[in-house]
**Q** 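Dropping the structure in here first, questions after.
Because the structure is predicted, anything quoted here is derived from the model rather than measured.
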Amino acid sequence: MSREYAMSRVHDALEKSDGNHLKAQRLLISWLENDHSLLAGLVAPHMAGIISHALAHAMQPQGGKVAPKKTDAARKIDASEATGEFSEALMSSLKGGRSSEAFGFGEASPTAASKPGKASAKHVEAINILAGGKKVTDKGDKKKH
């Protein structure tokens, strides 16, 4: 029910602010100070991500603090990454199975690159019209468009 309640309060805030999102946002923030069920309803969809972030942050070593011990599953993952098989297969896959070529993932292959062709007169005229420049007619006369 808290999700439905939260959404009804969001709609109330939008109505009271005449659809102005910034005013509605400020109104909701002021309501959150006293209404914990509104807060719970708003953050419920994001709670898993918030908790996951907090756990990841807590597990990072900070200023000489010891990180928590790794589980057996985490040790298995580390062992498989140490072999490098997964990373090599992934890189090969990203490169299209052509690991010997000099280009990498996201880069154009040398054969795919081509020189731009010359723009047609109609294309140039269309760009000039869109840019608000002068229109060039077929006779070569320049008229203001």
**Q** Under the rule for side-chain contact (heavy atoms from CB on, under 4.5 Å), what residues qualify as partners of Ile51, not counting sequence neighbours?
**A**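 So Ile51 forms a side-chain contact (heavy atoms from CB on, under 4.5 Å) with Met47, Leu55.
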**Q** Apply side-chain contact (heavy atoms from CB on, under 4.5 Å) to Ala126 and list each qualifying residue two or more places apart in sequence or on a separate chain.
**A**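 In terms of side-chain contact (heavy atoms from CB on, under 4.5 Å), with neighbours along the sequence ignored, Ala126 is linked to no residue.
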**Q** Measuring from atom NE2 of His36 to atom CG of Leu38, what distance do you get when rounded to the nearest 0.5 angstrom?
**A**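 Reported to 0.5 Å precision, the distance equals 10.5 Å.
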**Q** Among pairs that include at least one residue of residues 11-21, which meet salt bridge (charged side-chain N to carboxylate O under 4.0 Å, His left out), considering only residues two or more places apart or in two chains?
**A** Arg9-Asp12
**Q** Are Tyr5 and Leu32 linked, directly or through other ILVMFWY residues, by side chains that come within less than 4.5 angstrom of each other?
**A** yes
**Q** Among residues at least two apart in sequence or on other chains, which ones pass side-chain contact (heavy atoms from CB on, under 4.5 Å) with His57?
**A** Gln60, Gln62
**Q** Could you measure the distance from the CG atom of Asn128 to the NE2 atom of His123? Nearest 0.5 Å is fine.
**A**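 NE2 of His123 is found 10.0 Å from CG of Asn128.
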**Q** Partners of Ser37 by side chain to side chain donor-acceptor pair (under 3.5 Å), sequence neighbours excluded?
**A**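 Checked Ser37 against side chain to side chain donor-acceptor pair (under 3.5 Å); matches are Asp35.
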**Q** Which heavy atom of Ala24 sits nearest a heavy atom of Ser17, and at what distance?
**A**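 Scanning both residues completely, I find the closest heavy atoms to be CB-OG, 3.4 Å.
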**Q** Which heavy atom of Gly41 sits nearest a heavy atom of Arg3, and at what distance?
**A** O-NH1, 3.4 Å
**Q** Quick one: list whatever passes side-chain contact (heavy atoms from CB on, under 4.5 Å) with Leu22, sequence neighbours left out.
**A** Asn20, Gln25, Arg26
**Q** Establish whether Ile129 and Val124 are linked, either directly or via other cluster members, by ILVMFWY side-chain heavy-atom contacts under 4.5 Å.
**A**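 The answer is no; the residues belong to distinct hydrophobic clusters.
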**Q** Does Met7 share a hydrophobic cluster with Trp31, counting links as ILVMFWY side-chain heavy atoms below 4.5 Å and allowing steps through other members?
**A** no
**Q** When rounded to the nearest 0.5 angstrom, what is the spacing between OG in Ser30 and CG in Leu28?
**A**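 Reported value, rounded in 0.5 Å steps: 7.5 Å.
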